[in-house]
Amino acid sequence: EVHLDAQRVDAQGFQLGDSLVDGFLTDIHNRDLRSEAAEQLGLAKSGARFTQATSACPVCSPSRAGIMTGRHPVRFGVTDWLPGRPDMPAHQLARPALPDGLPADAVTLGEVFSKAGYATGYIGKWPLGGAGKGPAEQGFAFHKAANAAGSPASYFAPYKSANGQAIPGLEEAPQGEYLTDRLSREAADFIRANSGKPFLLVLAHYAPHTPIRAPEATVKKYAQGRPG
């Protein structure tokens with residue numbers, strides 16, 4: 001059992017990039033890319049860099065289950081991305097049956113912090129179950145842009161799939177708005193709204209998961225080769 005004191009720590013933030021490996025970051029292995037946001041914030045220079053690490057699993061749903069609960073995802077039967085896919089001829093092993101999401105009795109960061117009196121928010125990708133198994137059911141009072149989808153309906157507004165289903169909470173958006181920018185602004189709004197109280201915010205970007213999309217200005221920057 002975990003106990004937190006909301007009077008001791010004012011704010012906790014966790015930012016997660018999807019399918020993000022260390023080779024995508026400027027100062028770790030790759031000098032052909034510019035992770036400008038991290039550079040401008042001074043995160044790489046003033047923060048702690050962990051260059052030797054591992055993950056509970058190399059795909060989204062199990063790794064998120066591990067992050068959210070602090071337990072190995074196999075304990076919940078989440079051994080692959082949800083909802084998974086049928087076995088294929090190239091598979092050497094049969095795929096085990098997968099649950100439809102993280103079980104309700106799994107204790108998450110959201111529940112622990114909420115119980116301790118923190119305002120809790122989750123913004124972005126939640127590949128741990130759909131209706132009835134979302135962030136709201138796992139301790140996050142505020143949530144936006146989170147559903148069972150592993151990939152976003154679109155990286156540009158309107159954020160709708162081919163069948164017209166929109167990313168939750170982003171039904172209204174200016175034409176052409178970029179998803180990563182929108183989620184970052186939503187996170188900033190949450191921080192401002194809760195700046196006077198203890199809070200936990202999880203910002204889980206869909207990027208750089210496929211489909212690989214970027215604003216035109218960013219594409220042009222790399223079209224001529226390595227940026228200066």
Applying salt bridge (Lys or Arg N to Asp or Glu O under 4.0 Å) to Arg213 and not counting sequence neighbours gives none
In the single-linkage hydrophobic clustering (I, L, V, M, F, W, Y; side-chain heavy atoms under 4.5 Å), do Trp81 and Tyr206 co-cluster?
-> no
Give the cluster check for Phe14 versus Tyr118: same hydrophobic cluster or not, with ILVMFWY residues linked at side-chain heavy-atom distances below 4.5 Å.
-> yes
Under 3.5 Å, is there a donor-acceptor pair between the side chain of Ser195 and the main chain of Arg192?
-> yes
Polar side-chain atom of Ser61 near backbone of Pro127 as donor-acceptor pair, under 3.5 Å | yes
Shortest non-hydrogen contact from Val107 toward Val112 | CG1-CG2, 3.7 Å
Answer whether the closest heavy-atom distance between the side chains of Met68 and Leu128 falls below 4.5 Å.
-> yes
Assess the side chains of Ser151 and His209: does a donor N or O sit below 3.5 Å from an acceptor N or O?
-> yes
Atom of Pro99, atom of Val78 and distance for their closest heavy-atom approach = CG-CG2, 3.9 Å
Which heavy atom in Asn147 sits nearest to a heavy atom in Pro168, and how many Å separate them?
-> ND2-CD, 3.4 Å
What heavy-atom pair brings Gln138 and Thr108 nearest, and what distance separates the two atoms?
-> O-OG1, 2.5 Å
Say whether, by atom type as modelled, one donor and one acceptor occur between the side chain of Lys125 and the main chain of Gly150 under 3.5 angstrom.
-> yes
So among Glu172, Glu177, Gln165, Glu171, which one has a side-chain hydrogen bond (donor to acceptor under 3.5 Å, both in side chains) with Tyr159?
-> Glu177
Which heavy atom of Leu179 sits nearest a heavy atom of Pro152, and at what distance?
-> CD2-CB, 3.6 Å
Separation between CD of Gln15 and CG of Leu201, rounded to the nearest 0.5 Å | 9.0 Å
Roughly how far, to the nearest 0.5 Å, is the CG atom of Leu82 from the SG atom of Cys60?
-> 7.5 Å
Mind checking whether Pro62 and Thr79 have side chains closer than 4.5 Å, heavy atoms only?
-> no
Using the ring of each side chain (for Trp, its six-membered ring), is Phe142 parallel, tilted or perpendicular to Phe190, with breaks at 30° and 60°?
-> tilted
What's the shortest heavy-atom distance between Ser63 and Ser55, and which atoms?
-> CB-OG, 3.6 Å
Derivation of the side chain to side chain contact (heavy atoms under 4.5 Å, CB included) call for Lys133 and Leu102 | CA-CA 7 Å; Lys133 292 183 177 291; Leu102 196 65; over 6 Å; no
Hey, are Arg182 and Glu186 close enough for a salt bridge, meaning a charged N less than 4.0 Å from a carboxylate O?
-> yes
For the pair Tyr122 (side chain) and Ala136 (backbone), establish whether a donor and an acceptor sit closer than 3.5 Å, ignoring hydrogens and angles.
-> no
Got a sec, which residues hit salt bridge (Lys or Arg N to Asp or Glu O under 4.0 Å) with Arg71, two or more places apart in sequence or on another chain?
-> none
Between Thr120 and Leu200, is there a donor-acceptor pair closer than 3.5 Å when you use the side chain of the first and the backbone of the second?
-> no
State, yes or no, whether a side-chain contact exists between Trp126 and Phe140 at a heavy-atom distance under 4.5 Å.
-> yes
If you count the non-hydrogen atoms of other residues, nucleotides and ligands that lie under 6.0 Å from CZ in Arg185, is the total more than 12?
-> yes
Is there side-chain contact between His143 and Ile123, with heavy atoms separated by less than 4.5 Å?
-> no
Any donor-acceptor N/O pair, His72 side chain to Val74 backbone, under 3.5 Å | yes
Linking I/L/V/M/F/W/Y whenever their side-chain heavy atoms sit closer than 4.5 Å, directly or via other members, would Phe76 and Leu98 fall into one cluster?
-> yes
Would you sort out whether Phe113 and Gln12 count as a side chain to side chain contact (heavy atoms under 4.5 Å, CB included), showing the intermediate values?
-> CA-CA 10 Å; Phe113 276 83; Gln12 294 286 338; 3.7 Å; yes
Any Leu16 side-chain heavy atom under 4.5 Å of Arg64 side chain = yes
